[in-house]
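First the structure, in the form of structure tokens, and then the observations on it.
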Number of protein chains: 2
Amino acid sequence: MSYSASLVALADPTRRKIFERLRRGPLAVGAIAEGLPVSRPAVSQHLKVLKEAGLLTETQDGARRIYRIDPEGLGQLRAWLDQFWDVALENFKADAEK
Amino acid sequence: MSYSASLVALADPTRRKIFERLRRGPLAVGAIAEGLPVSRPAVSQHLKVLKEAGLLTETQDGARRIYRIDPEGLGQLRAWLDQFWDVALENFKADAEK
DNA sequence: ACTTACCGTAAGCCATGAGTTACTCTGCTT
DNA sequence: AAGCAGAGTAACTCATGGCTTACGGTAAGT
């Protein structure tokens, strides 16, 4: 039931950049914010949204907070999308036969 | 490159309801709007967003406009999500070994 | 202990977008 | 052709949310 939160989270372009940056591997907040066109507090707020959507997990390393991609939210989103896949293909097939 | 538009489109709860309603099959605008807590013009605007995101196709049947789910946008979104799947599983695996 | 690095939270501003009503247009029907 | 059904567009209102600055809090270094 959390796919909705994932969709809202990934709808924002800045949050997508953050998420895509974490594709290479786990990063601390400062490293994520570096190069982004927004302030570090803004990044913190985005990370909170992504985390609460189940798309990221947070671990502590001293004063640093390490964020990494979480398969939980990603899996729920994928499952939701797959519900539509069959129907979409049927429509495509029916359309092609015309 | 259109997965971003799909994410924005599906982030709205009303548009998700519309999209989910079309899972059963193609529908006209009036039929879609029926039962939804918003006005019909609002539904028209949502349909436009979903269509431009590549998530829906529109066909004409007399005065009616029939909308149905389009595999195009759905596929692009799925492909984008799959990019993160491997990384997410690695993170999960590394986490489980601890 | 004091400072510095690292990060989350609070409060406020402002633009975006979802909704409404009113209007227009097109295509049947009689 | 006149009226009606079905649907898109325009103009406007208003709330949501993304961004900023300022502040507070914890952990490591000297």
Side-chain angles (χ1 to χ4, degrees), chain A residues 2-22 24-70 73 77, chain B residues 2-22 24-70 73 77:
Chain A
S2 169
Y3 63 86
S4 57
S6 297
L7 285 169
V8 171
L10 293 175
D12 182 77
T14 303
R15 280 196 290 265
R16 270 200 305 276
K17 283 185 186 174
I18 292 175
F19 197 62
E20 287 172 343
R21 186 162 295 200
L22 287 172
R24 296 189 176 184
L27 282 177
V29 178
I32 298 174
E34 198 175 356
L36 285 182
V38 297
S39 67
R40 189 199 45 74
V43 173
S44 269
Q45 293 169 2
H46 284 310
L47 287 170
K48 185 180 180 182
V49 174
L50 287 165
K51 180 186 171 189
E52 289 180 345
L55 290 167
L56 298 182
T57 59
E58 172 196 348
T59 58
Q60 199 133 3
D61 172 38
R64 289 198 181 84
R65 316 283 180 96
I66 310 297
Y67 287 89
R68 70 198 70 208
I69 292 181
D70 184 6
L77 189 50
Chain B
S2 168
Y3 62 88
S4 57
S6 297
L7 286 169
V8 171
L10 293 175
D12 182 78
T14 303
R15 280 196 291 265
R16 270 199 306 277
K17 283 186 188 174
I18 292 175
F19 196 63
E20 288 172 342
R21 186 163 295 201
L22 287 172
R24 296 189 177 183
L27 281 178
V29 178
I32 298 174
E34 200 175 356
L36 284 182
V38 297
S39 67
R40 192 199 47 73
V43 173
S44 269
Q45 293 168 1
H46 284 311
L47 287 170
K48 183 180 182 182
V49 174
L50 287 165
K51 180 188 171 188
E52 290 180 345
L55 289 167
L56 297 182
T57 59
E58 172 197 347
T59 58
Q60 198 132 5
D61 172 36
R64 288 197 180 84
R65 317 282 180 97
I66 310 296
Y67 287 89
R68 71 197 70 209
I69 291 181
D70 184 6
L77 190 50

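On the nucleic acid side, DNA chain D contacts chain A at distances under 4.0 Å to non-hydrogen atoms, with the end points of that region at dG18(D) to dA28(D).
Phosphate proximity of dC6(C) to Tyr67(A): absent, as no side-chain N or O sits under 4.0 Å from OP1 or OP2. Distances shown here put every side-chain N or O of Ser44(A) at or beyond 4.0 Å from the OP1 or OP2 atom of dT9(C).
Both Ser39(A) and Glu58(B) lie near DNA chain D, and the one whose nearest nucleotide falls closer to the 5' end is Glu58(B). Taking the nucleotide of DNA chain C with the nearest heavy atom to each of Arg65(A) and Ala42(B), the more 5' of the two is matched to Arg65(A). Across the interface with DNA chain D, nearest-nucleotide mapping of Gln60(A) and Pro37(A) shows Pro37(A) to be the residue nearer the 5′ end.
If you take CD1 of Ile66(A) and P of dC7(C), they are 7 Å apart, rounded to a whole angstrom. Atom CD1 of Ile18(B) and atom C1' of dA18(C) are 12 Å apart (whole Å). Between the CG atom of Leu47(B) and the C1' atom of dG19(C) there is a distance of 15 Å, rounded to whole Å. Atom CZ of Arg64(B) is separated from atom C1' of dG27(C) by 11 Å (rounded to the nearest Å).
Partner Glu58(B) forms a salt bridge (Lys or Arg N to Asp or Glu O under 4.0 Å) with one of Arg64(B), Lys48(B), Lys51(B) and no other, that one being Lys51(B). Just one residue in the list Ile18(B), Asp70(B), Asp12(B) forms a side-chain contact (heavy atoms from CB on, under 4.5 Å) with Leu50(B), and that residue is Ile18(B).
Between the CD atom in Gln45(A) and the OG1 atom in Thr14(A) there is a gap of 11.5 Å [rounded to 0.5 Å]. Here the CG atom belonging to Leu56(B) is positioned 11.0 Å from the CZ atom belonging to Arg15(B), to the nearest 0.5 angstrom. Here Leu10(B) contributes atom CG and Ser4(A) contributes atom OG; the two are 11.5 Å apart, rounded to the nearest 0.5 Å.
With a 6.0 Å radius and a threshold of 12 heavy atoms from other residues, nucleotides or ligands, Glu20(A) has its CD atom above the threshold.
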Under the criterion side-chain hydrogen bond (donor to acceptor under 3.5 Å, both in side chains), I'd like the reasoning laid out for Arg68(A) against Thr59(A): C-alpha separation, chi angles, the key distance, then a yes or no. CA-CA 8 Å; Arg68(A) 70 198 70 208; Thr59(A) 58; 3.2 Å; yes
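The base of dG19(C) has none of its N or O atoms less than 3.5 Å from a complementary donor or acceptor on the side chain of Arg40(B).
A donor-acceptor contact shorter than 3.5 Å is absent between the side chain of Arg65(B) and the backbone of Ala28(B). In terms of modelled atom types and a separation under 3.5 Å, the side chain of Arg21(B) and the main chain of Ile32(B) share a donor-acceptor contact.
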Is there any protein nitrogen or oxygen under 3.5 Å from a nitrogen or oxygen in nucleotides 11-13 of chain C, and what are the pairs?
none

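Closest contact between the side chain of Ala28(A) and the listed nucleotides dT21(C), dG27(C), dC7(C) involves dC7(C).
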